[in-house]
Chemist: 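Dropping a structure here in structure tokens format, bear with me for questions.
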Amino acid sequence: MSTRPCRVEIRTQAVEHNYRFLQRLAAPDADLLAIVKADAYGHSLALCAPAAVRAGARWLGVTSVEEGIAARAVCPGADTRVLVIGGVFPGQGGAVMQHHLTVVAWEPWQLDELRAAASAAGALPGSVPVHLEIDTGMSRQGASPEALAALFTWFAPASPLRLEGVMTHLFAPDEAGGQVTAEQLALLNQILGRIASAGLFAEWLSVGNSAALLAGQARTIGDLAATHGMKAMLRPGLALYGLVPRFNPDFDQEPAALVAARAALQPVLSWKSAVVGVRAVPAGAVVGYNGTFVATEPMRLALVALGYADGLDRKLGNRFSLLVRGERAPVVGRISMDQSVLDVTEISGVEAGDEVVILGTQGSGCITAFDHADATGTIPWEVFTRIGQRVRRVAV
Ligand SMILES: *Cc1c(COP(=O)(O)O)cnc(C)c1O
């Protein structure tokens, strides 16, 4: 059956290309974990996770056990590791064991859940890997440095749990001065010393997102890991999908990794719909709910199969434009749940069935996730993850 034309096109080859580029950037200092949480930032886990694995990814990062099960279903290979970064919830330990997921934990009750599930599954001592998250300053998830020592007992020699990784999240790697990051890494260094003093050893040190990688932090993080006999892992998300995060303030001189990324990364996602019909209206005609747009002259209006239920931010009504026949056509009136109206008076020949590009390129025109984000006061991550579930993702 053919379907409503509102769709997202995913270039899986761009995911592969971006992963390989980022891995080269990180080497030899660090390995990568490919972030595919939130349905691969709205890009489709089912399409993007296997693409990352084809490009060489050994680690996939998801938010929840549910997402981990979905990732495992599309990447069943025994050498693909799936890291659940948002923790485990009560009753989920059995699924962690069954689907060979690896959990990031920091609360005693999470470790209890995992240990009980591991014991119930008859796991041998030290056979279930766990990554411990440390809060080095973000005050979000992760054990505080004070709470840490109490967690070591879950990794005693007889425990089925093994401390495989130590993880922290940098909360301002996009601040070009880098002072905040330097302080977080200094605290992390101290904490790693305490973990070693407690007689524990973790193989992986997992730190840093796209901005950290593109700011050239793989070397710093790799050096820190090496000091403690560990291997470094960085966790890019946005860059895997082809976007370069913004830095604030801009660098006086951009790090080499950032310059290279701007040239190399390829956008993965295009969001498209189509014109349903075109009508001519006289001056004075009102458009959409509450008539917030009034035709100033005789105009031609195109109805598009696209609304806020598809993820187009309703705040863009009367404030944004989309691409038709390679030109920008203003969105006029309020955006409805399922439909929008474009002013195509200035664009000749528009007719039913014409492609409308919401995000991506058409002819010489281009609309980026930053364009959407800037128009609504948000960030590309939110623009991508708001694209509605009912919008089909198709590989191209
Ligand atoms: C989402 C996430 C990332 C990826 O961040 P990007 O800025 O998209 O690269 C990395 N680490 C953690 C813990 C995350 O939650």
Side-chain angles (χ1 to χ4, degrees), residues 15 18-19 21-23 25-26 30-43 45 48-49 52 57 59-68 71 81-88 101-106 110 130-143 165-176 180-181 184-185 188 204-218 221 232-248 255 257-258 261-262 265 267-269 368-370 373 378-387:
V15 176
N18 293 340
Y19 183 87
F21 169 79
L22 296 169
Q23 180 62 82
L25 210 56
D31 280 306
L32 298 184
L33 171 143
I35 290 278
V36 293
K37 66 189 180 193
D39 200 29
Y41 291 14
H43 288 58
L45 174 78
C48 295
W59 292 87
L60 301 173
V62 297
T63 291
S64 61
V65 169
E66 295 91 316
E67 289 183 0
R81 300 287 304 274
V82 177
L83 189 71
V84 176
I85 58 186
V88 66
L101 309 178
T102 303
V103 171
V104 173
W106 64 95
Q110 295 171 328
V130 173
H131 291 211
L132 194 59
E133 177 148 2
I134 318 289
D135 174 18
T136 54
M138 192 179 189
S139 310
R140 197 177 62 170
Q141 71 177 48
V166 173
M167 167 170 162
T168 199
H169 198 44
L170 302 176
F171 65 94
D174 52 351
E175 290 177 9
V180 172
T181 295
Q184 283 191 271
L185 294 178
L188 183 61
W204 290 100
L205 179 64
S206 167
V207 183
N209 59 5
S210 299
L213 178 58
L214 300 188
Q217 294 279 2
I221 296 164
M233 182 192 295
L234 273 73
R235 309 180 303 260
L238 196 70
L240 187 60
Y241 305 104
L243 267 76
V244 175
R246 284 188 185 144
F247 287 81
N248 185 25
L258 187 51
R262 274 192 210 295
L265 291 176
V268 170
L269 180 149
T368 69
F370 276 111
T378 185
I379 53 176
W381 292 261
E382 190 184 5
V383 171
F384 284 139
T385 54
R386 284 179 58 127
I387 299 175

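If you read the sequence from its start, that first residue is 1, and numbering goes on from there. Remember, it's 1-based here, ligands and their atoms both numbered in the order they're listed. Being a predicted model, the structure only gives us computed values, none of them experimental.
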Chemist: Against heavy atoms of W381, which atoms of ligand 1 measure under 4.0 Å?
Modeler: 6 (P), 7 (O), 8 (O)
Chemist: Between H131 and W59 (judged by ring centroids, cut-off 6.0 Å), do the two rings come close enough to count as a pair?
Modeler: yes
Chemist: Just need the protein heavy atom nearest to atom 12 (C) of ligand 1, so name the residue and atom and give the distance.
Modeler: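 Minimum-distance protein heavy atom for atom 12 (C) of ligand 1 reads H169 CE1, 3.4 Å.
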Chemist: What protein heavy atom sits nearest atom 1 (C) of ligand 1, and how far off is it?
Modeler: K37 NZ, 1.4 Å
Chemist: Within a distance under 4.0 Å of any heavy atom of M167, pick out the atoms of ligand 1 and give their elements.
Modeler: 13 (C)
Chemist: Going by the angle between their ring planes, with limits at 30° and 60°, are F384 and H43 parallel, tilted or perpendicular?
Modeler: perpendicular
Chemist: Return the closest protein heavy atom for atom 5 (O) of ligand 1 as residue, atom name and distance.
Modeler: N209 CB, 3.3 Å
Chemist: I need the nearest protein heavy-atom contact for atom 10 (C) of ligand 1: residue, atom name and distance, please.
Modeler: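 Of the protein heavy atoms, R235 O, 3.3 Å lies nearest.
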Chemist: Looking only at protein heavy atoms, identify the closest one to atom 8 (O) of ligand 1 and say how far it is in Å.
Modeler: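 Looking at atom 8 (O) of ligand 1, the protein heavy atom closest to it is Y41 OH, 2.6 Å.
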Chemist: May I ask you to list the atoms of ligand 1 that are less than 4.0 angstrom from any heavy atom of L238?
Modeler: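 Heavy-atom distances to L238 below 4.0 Å select 6 (P), 8 (O), 9 (O).
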Chemist: Does P236 come within less than 4.0 Å of ligand 1, judged by its heavy atoms?
Modeler: yes
Chemist: Which atoms from ligand 1 have a heavy atom of I35 less than 4.0 Å away?
Modeler: 2 (C), 3 (C), 4 (C), 10 (C)
Chemist: For residues 32-40, run the donor-acceptor check on the side chains, cut-off 3.5 Å, and write out each pair with its distance to 0.1 Å, sequence neighbours left out.
Modeler:
unit_1, atom_1, unit_2, atom_2, d
D39, OD1, L45, N, 2.8

Chemist: Can you tell me which residue and heavy atom of the protein come closest to atom 9 (O) of ligand 1, and the distance to 0.1 Å?
Modeler: S210 OG, 2.5 Å
Chemist: Out of L60, L240, L269, V15, which residue meets the side chain to side chain contact (heavy atoms under 4.5 Å, CB included) rule with C48?
Modeler: V15
Chemist: Can you list the ligand 1 atoms lying under 4.0 Å from a non-hydrogen atom of I85?
Modeler: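 The list of qualifying atoms is 14 (C), 15 (O).
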